Amino acid sequence: MGRAALFPCVKLRGLPFDVSEDDIRMFLGFEPIDAVLAKRDGRLSGEAFIVVSSPMHIEMAMAKNRSYLGRRYIEVYPAKKQDYYRAVAAEVMDSGGGGGGGGG
């Protein structure tokens, strides 16, 4: 399993519950392709999935493992594609994109 098989995404865990995508950009030091802030029960969970554009960005993100964002200790892991897609699907469902319609 070489670099070609690597999904270009990392998972951040331990984020403040009021974190913004700008906070994540500042923490990482680069602009990600996508940032999905994971939610549970409609609230931020302290986890995020960050899609990056190159193996260099994965290395830069992984170098931030065990760093602090404010007073929070952040863990950085390689992300699994299925976990990223699960977070995206939950975001779509949470924002009302899951179909159904309200009448009026």
Side-chain angles (χ1 to χ4, degrees):
M1 194 161 98
R3 279 186 191 263
L6 186 65
F7 182 59
C9 185
V10 294
K11 177 181 178 179
L12 305 182
R13 188 170 79 178
L15 294 166
F17 296 118
D18 62 349
V19 73
S20 70
E21 289 185 26
D22 285 337
D23 295 332
I24 290 171
R25 282 186 206 97
M26 293 291 289
F27 174 75
L28 293 173
F30 62 85
E31 181 75 30
I33 291 176
D34 190 21
V36 177
L37 303 176
K39 293 181 179 177
R40 285 195 191 95
D41 301 321
R43 292 193 263 179
L44 293 179
S45 67
E47 297 179 347
F49 292 88
I50 311 300
V51 179
V52 300
S53 61
S54 72
M56 178 185 72
H57 285 141
I58 291 176
E59 290 174 18
M60 289 173 66
M62 293 301 297
K64 295 287 189 167
N65 187 35
R66 301 180 183 168
S67 295
Y68 284 84
L69 175 58
R71 297 186 325 219
R72 298 295 302 250
Y73 174 85
I74 309 300
E75 296 173 295
V76 183
Y77 303 96
K80 295 178 184 171
K81 188 184 290 190
Q82 68 187 20
D83 293 337
Y84 167 73
Y85 286 133
R86 192 174 296 127
V88 169
E91 179 69 21
V92 169
M93 295 302 289
D94 188 53
S95 66

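If you read the sequence from its start, that first residue is 1, and numbering goes on from there. Computed from a predicted model, the values in this text were never measured in an experiment.
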Enquirer: Search all heavy atoms of Gly29 against all heavy atoms of Met60 and return the closest pair with its distance.
Expert: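 Closest approach of Gly29 to Met60: O-CE, 4.3 Å.
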
Enquirer: Quick one: closest heavy-atom pair of Ile50 and Ala35, and the distance?
Expert: CD1-CB, 3.7 Å

Enquirer: Do the rings of Phe49 and Tyr84 sit parallel, tilted or perpendicular, given the 30° and 60° boundaries?
Expert: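 Answer is perpendicular, since the angle exceeds 60°.
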
Enquirer: Tell me, do Cys9 and Lys81 make a side-chain contact under 4.5 Å, heavy atoms counted?
Expert: no

Enquirer: Sequence neighbours left out, what passes salt bridge (charged side-chain N to carboxylate O under 4.0 Å, His left out) with Asp23? Give chain and number order.
Expert: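 Here no residue qualifies.
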
Enquirer: Would you give the length of the straight line joining atom CZ of Arg13 to atom CZ of Arg72, rounded to the nearest 0.5 angstrom?
Expert: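 Nearest 0.5 Å value for the CZ-CZ distance: 11.0 Å.
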
Enquirer: So which heavy atom on Lys64 is nearest to which on Leu28, and how close?
Expert: CE-O, 3.9 Å

Enquirer: So which heavy atom on Val19 is nearest to which on Leu37, and how close?
Expert: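 Closest pair (atom of Val19, atom of Leu37, distance): O-CD1, 4.0 Å.
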
Enquirer: Considering only Ile, Leu, Val, Met, Phe, Trp and Tyr, and joining two whenever side-chain heavy atoms are under 4.5 Å apart, list the other residues clustered with Tyr77.
Expert: none

Enquirer: Hey, could you give me each pair passing salt bridge (charged side-chain N to carboxylate O under 4.0 Å, His left out) that has a residue in residues 37-57? Not counting sequence neighbours.
Expert: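 Pairs touching residues 37-57 that pass the test: Lys11-Glu47, Lys39-Asp94, Arg40-Glu47.
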
Enquirer: With sequence neighbours left out, write down each residue that passes side-chain contact (heavy atoms from CB on, under 4.5 Å) with Asp22, or none if nothing qualifies.
Expert: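 Once residues adjacent in sequence are excluded, the partners of Asp22 under the side-chain contact (heavy atoms from CB on, under 4.5 Å) criterion are Ser20, Arg25.
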
Enquirer: Kindly determine whether Leu6 and Ile58 satisfy side-chain contact (heavy atoms from CB on, under 4.5 Å), including the steps that lead there.
Expert: CA-CA 10 Å; Leu6 186 65; Ile58 291 176; 3.5 Å; yes

Enquirer: Please find the pair of heavy atoms, one from Asn65 and one from Val76, that lie closest to each other, and give the distance.
Expert: OD1-N, 2.9 Å

Enquirer: Output all residues satisfying side-chain contact (heavy atoms from CB on, under 4.5 Å) with Tyr73, sequence neighbours left out; order by chain, then residue number.
Expert: Arg66, Tyr68, Glu75

Enquirer: Between Leu12 and Met56, is there shared hydrophobic-cluster membership here, with clusters defined by ILVMFWY side-chain heavy atoms closer than 4.5 Å?
Expert: yes

Enquirer: Please list all pairs meeting ring pair (Phe, Tyr, Trp, His ring centres under 6.0 Å) that have one or both residues in residues 9-33, counting only residues at least two apart or in different chains.
Expert: Phe30-His57

Enquirer: Would you say Pro16 and Leu69 make side-chain contact, with heavy atoms under 4.5 Å?
Expert: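 In contact.
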
